[in-house]
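Some notes on the structure that comes next.
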Amino acid sequence: MDSSQIVDDTTAAVELRALSKQFGGVRANADVNLRVERGTIHGVIGENGAGKSTAMKILYGIYRPDAGEIFVGGKKCVWASPSDAIAMGIGMVHQHFMLAGPYSALDNILLGAEPVRWGFIERKKARERLESLARQYGLPVEWDRPVEQLPVGIQQRIEILKLLYRHSNILILDEPTSVLTPQETSDLFANLKKLRDEGKTIVIITHKLKEVMSFTDRVTVFRAGKVTGEVETSRTNPQELANLMVGRKVVLSIDVPPARPRPETAIEVQGLSLAGPSGSRHKLSDVSFSVKRGEIVGVAGVEGNGQSELLQALLHPRESRCRTAGPVRYLANDVTVWDAAKIRDLGVAVIPEDRQSEGLLLERPVSENFLLGLQRSDAFSRAGFLRLRNLEKTATLAVEEYDVRPRGLMNTAGQLSGGNQQKLIVAREFQRQPQVLIAAQPTRGVDVGAIEFIHNRIVRARDEGAGVLLVSSELDEILTLADRILVLYEGRVVAEFQRADVSERELGLKMGGG
Amino acid sequence: MLAQLLASTLRVSTPLIFAALGGMFSERAGVVNIALEGMMLLGAFGAAVGTLVTHSPWLGSACGMGAGILLAALYGLFAIRLRANQIVAGTAINMLALGLTPFLCKILYDVTGSTPPIPIDQRFRTAPLYLSWVLVLVCWVWMKRTPSGLWISFAGEHPEALNAAGIRVNRVRWLAVLISGALAGMGGASLSIFLSSSFSRNMTAGRGFMALAALIFGKWKPVPTAIACLLFGFAEAVQIRLQGVSLLGSKPIPVQFIQILPYLVTILVLAGFVGHSRAPKAAGTPFQRE
């Protein structure tokens with residue numbers, strides 16, 4: 001098999017020809033052509049919904065194409081299911097890891113490919129083979145530990161070993177760095193380079209231009225279901241790629257003038273602690289900080305280090321589970337026992353962490369989503385009845401101003417793309433003329449064009465006097481926007497920097513607990 | 001007296017162990033199985049009828065298991081194939097079994113209350129008791145050491161991972177649900193042709209649910225689950241022992257009151273331990289391939 005696969009060096013590892021795919025009338029891929037050379041790291045970039053994941057899922061056999069052909073090593077292939085693709089040496093690391101937490105690393109890797117003797121799994125044999133693979137590629141893992149006890153970087157390593165164990169030669173990684181620290185990210189790419197040098201072909205789906213620039217050999221750009229460009233990385237630059245992705249000229253990093261903080265404090269917490277359920281470790285320990293009006297304070301950290309708990313404590317101080325200590329103050333009011341509505345009436349705007357579950361009612365129209373939380377304000381209600389005409393007028397203006405597309409107020413929020421959902425939330429929250437803005441992962445899964453827009457709005461809110469707390473796991477975002485930076489690690493604030501005084505490397509180290 | 005009580009505990013635990021192990025397969029594979037009660041009941045009926053017809057408890061219990069499998073197949077149709085809500089579908093199955101058994105009884109024997117008695121030489125003496133403990137060990141090895149055991153675990157914990165590994169999740173779930181029907185049927189059989197001498201109306205009386213409680217208490221693992229069954233079995237043995245006993249020289253405690261005991265233990269155990277026990281993550285969630 002191995003010798004017959006190597007036809008000659010000019011054959012692509014993978015080639016997609018004129019691939020098309022529709023989902024119920026929506027065109028996900030149209031006439032996609034993509035060629036991945038053998039032994040390279042190939043980036044596939046595009047905004048959300050541009051069709052890059054669809055194309056890769058077709059390649060992996062999860063979806064069947066409506067039209068078009070797949071060639072692997074020069075051979076035409078038709079997949080009935082992922083098993084066929086796996087048999088041809090294609091493997092995929094999904095964005096959400098396919099690992100069962102309570103089971104050992106070993107079992108997670110073996111699953112579906114167990115060596116069996118007399119009906120029993122031969123774990124010893126499997127382990128020996130894995131250990132030699134781990135040595136060959138420099139990917140050591142504690143085989144017997146439950147996966148949930150291992151750090152995310154190691155979990156990803158387990159996913160990669162899973163593919164190697166199945167003799168994959170073509171590795172597809174879907175947004176592999178979204179949950180990694182900067183250090184883990186550079187480890188990952190070092191490992192991928194090693195794999196490439198050992199002859200593997202690697203395809204990375206991502207929307208991070210920086211990674212594409214520093215780690216790939218070639219790039220294919222998707223936009224609106226089509227391939228808009230395929231270039232050699234060394235012959236392009238981030239600006240060109242961004243323009244190909246968005247279809248117009250975008251401003252990659254906005255210039256943020258320095259803040260002029262006012263003396264008044266917008267948010268203040270002192271010694272905030274939050275214990276997890278049933279006496280487990282503290283989810284937040286002794287967190288103290290303050291945000292002045294007119295400044296942006298960024299909270300950096302890898303996800304899962306207490307950000308969600310911090311937001312919970314700030315937005316629902318009264319209901320925060322297992323709350324143990326520490327007052328929360330907004331604009332010099334102690335709000336520890338206030339309910340959310342009362343807090344919001346102080347002029348607190350919130351861009352929630354998870355826009356789909358906390359920020360919007362996906363089944364309801366845009367106009368109602370715009371009203372959420374404002375339904376009791378004088379502008380939209382009188383004597384217990386909604387002032388629908390006012391709502392329509394204001395919402396129409398806001399949708400225009402914040403460029404939510406499509407414009408229709410009667411579309412459901414679920415029909416909007418991620419970026420437009422987020423813009424809708426920003427439009428709504430800014431109706432309050434915020435004095436305090438809490439923005440959590442404001443540009444997660446949002447396309448490059450919308451990122452630019454949202455960032456500009458946040459800065460404008462700051463300049464109009466709002467105190468902004470920006471919680472983000474995107475280091476670039478923090479470094480672009482924040483005037484001061486706090487690093488959250490395992491529920492503690494482990495470092496505080498002025499933006500001007502800190503390098504990305506230094507921040508990355510602190511985020512990893514260093 | 002203690003020895004008697006322990007012997008009795010072992011005996012009355014037997015149906016619980018079979019049913020709980022059955023439940024383990026289905027729930028570990030991600031299908032919540034409150035239909036265990038109904039499968040047990042139909043199994044008890046099937047075993048009684050089978051024994052009356054074939055005059056062999058072995059063939060009879062095979063009939064009981066078959067009846068359990070049939071009902072499990074119906075449950076699987078709703079819960080797996082049609083992706084119905086598992087609690088609702090399970091409740092429907094239980095009600096079906098509750099109504100179907102007297103109905104069939106009426107057709108076959110012209111009474112709704114119970115089947116005719118099974119002669120003592122055609123009933124089990126001890127076999128199900130030993131069999132149940134052998135089965136505990138088999139299940140333990142099965143789940144830990146075989147590929148299908150691993151697949152069942154992943155089908156309940158992370159079905160997408162199993163699917164991505166090239167194994168058909170719903171096939172694994174079907175297998176697990178059918179096994180669970182067979183074992184629940186065997187549990188029912190050990191009620192009707194081992195612990196008593198005939199099938200009688202609603203003779204499971206919540207034992208299917210008790211088996212579920214034992215499963216939760218035992219953290220969905222075979223050996224701890226079996227031990228939890230012993231605890232419930234003990235409560236039942238004590239209950240049987242206490243019937244007719246008078247406290248403080250007065251009149252005997254009303255029997256209905258004593259009969260509460262096993263259920264009370266179930267509630268206390270569930271209330272006290274459920275929070276600490278972690279169910280398979282995907283239990284109750286139907287699986288659909290992308």
Side-chain angles (χ1 to χ4, degrees), chain A residues 23 53-54 57-58 60-64 79-87 90-104 106-124 126 146-148 155 158-159 162-163 165-166 172 174 277-280, chain B residues 24 27-30 137-173 175-176 179 216 218-222 224 271-283 285 287-290:
Chain A
F23 293 104
S53 291
T54 306
K57 283 181 174 169
I58 291 174
Y60 187 56
I62 293 176
Y63 299 141
R64 239 167 279 184
W79 313 134
S81 75
S83 330
D84 295 345
I86 293 169
I90 297 180
M92 185 155 177
V93 175
H94 298 264
Q95 187 175 4
H96 303 286
F97 295 156
M98 294 291 179
L99 300 171
Y103 296 94
S104 70
L106 185 67
D107 283 358
N108 271 286
I109 295 171
L110 292 188
L111 183 73
E114 306 88 353
V116 174
R117 203 165 141 206
W118 307 112
F120 294 116
I121 302 173
E122 278 194 291
R123 288 201 169 82
K124 212 171 136 197
V147 167
E148 63 199 353
Q155 292 186 6
I158 293 169
E159 285 281 20
K162 227 192 217 178
L163 306 189
Y165 183 78
R166 284 166 171 72
I172 308 168
D174 192 357
S278 66
S280 67
Chain B
M24 181 202 74
E27 301 221 333
R28 284 283 289 270
L137 293 179
V138 169
C139 289
W140 180 60
V141 174
W142 187 341
M143 294 307 291
K144 264 212 131 58
R145 301 276 319 268
T146 71
S148 57
L150 195 62
W151 300 346
I152 288 173
S153 304
F154 272 72
E157 190 64 35
H158 199 327
E160 291 79 16
L162 188 64
N163 184 50
I167 311 277
R168 297 282 178 90
V169 173
N170 283 342
R171 259 185 223 180
V172 173
R173 288 188 167 181
L175 172 79
I179 292 173
I216 295 169
K219 301 192 167 160
W220 289 268
K221 288 177 185 159
F273 288 90
V274 166
H276 305 287
S277 196
R278 191 171 105 178
K281 220 185 227 146
T285 321
F287 181 76
Q288 188 177 18
R289 289 178 63 188
E290 260 189 278

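As the structure is a prediction and not an experimental result, all values here were calculated from the model. Below, chains carry the letters A, B, ... as their sequence lines are ordered, and counting in each starts from 1.
In this structure, CG on L99(A) lies 12.0 Å from CD on E160(B), to the nearest 0.5 angstrom. Here I121(A) contributes atom CD1 and T146(B) contributes atom OG1; the two are 6.0 Å apart, rounded to the nearest 0.5 Å.
The part of I86(A) that comes within reach of chain B is its side chain, from C-beta onward, which places non-hydrogen atoms under 4.5 angstrom from that chain. Only the side chain of I167(B) comes within less than 4.5 Å of a heavy atom in chain A; its backbone stays farther off. Of the atoms belonging to N108(A), heavy atoms from both backbone and side chain fall under 4.5 Å from chain B. In this structure, the portions of F120(A) lying under 4.5 Å from any heavy atom of chain B include both its backbone and its side chain. Heavy atoms closer than 4.5 Å to chain A are found nowhere in S148(B), neither backbone nor side chain. For H96(A), no part sits under 4.5 Å from any heavy atom of chain B, backbone or side chain.
Contact tally against chain B (heavy-atom pairs below 4.5 Å) for A113(A), S83(A), A100(A): the top residue is A100(A).
Here the shortest heavy-atom pairing between F97(A) and H158(B) reads O-NE2, 3.2 Å. Residue P147(B) comes nearest to V116(A) through the heavy atom pair CG-CG2, 3.4 Å, listed as atom of the first residue, atom of the second, then distance. Residues F154(B) and L111(A) approach most closely at CD2-CD2, 3.4 Å, considering heavy atoms. Between Y60(A) and A164(B), the closest heavy-atom pair is OH-O, 3.6 Å.
The existence of a salt bridge linking K281(B) and E148(A) is excluded, since no basic side-chain nitrogen approaches an acidic carboxylate oxygen closer than 4.0 Å.
Using a 4.5 Å cut-off on side-chain heavy atoms (C-beta onward), E114(A) and W151(B) make contact.
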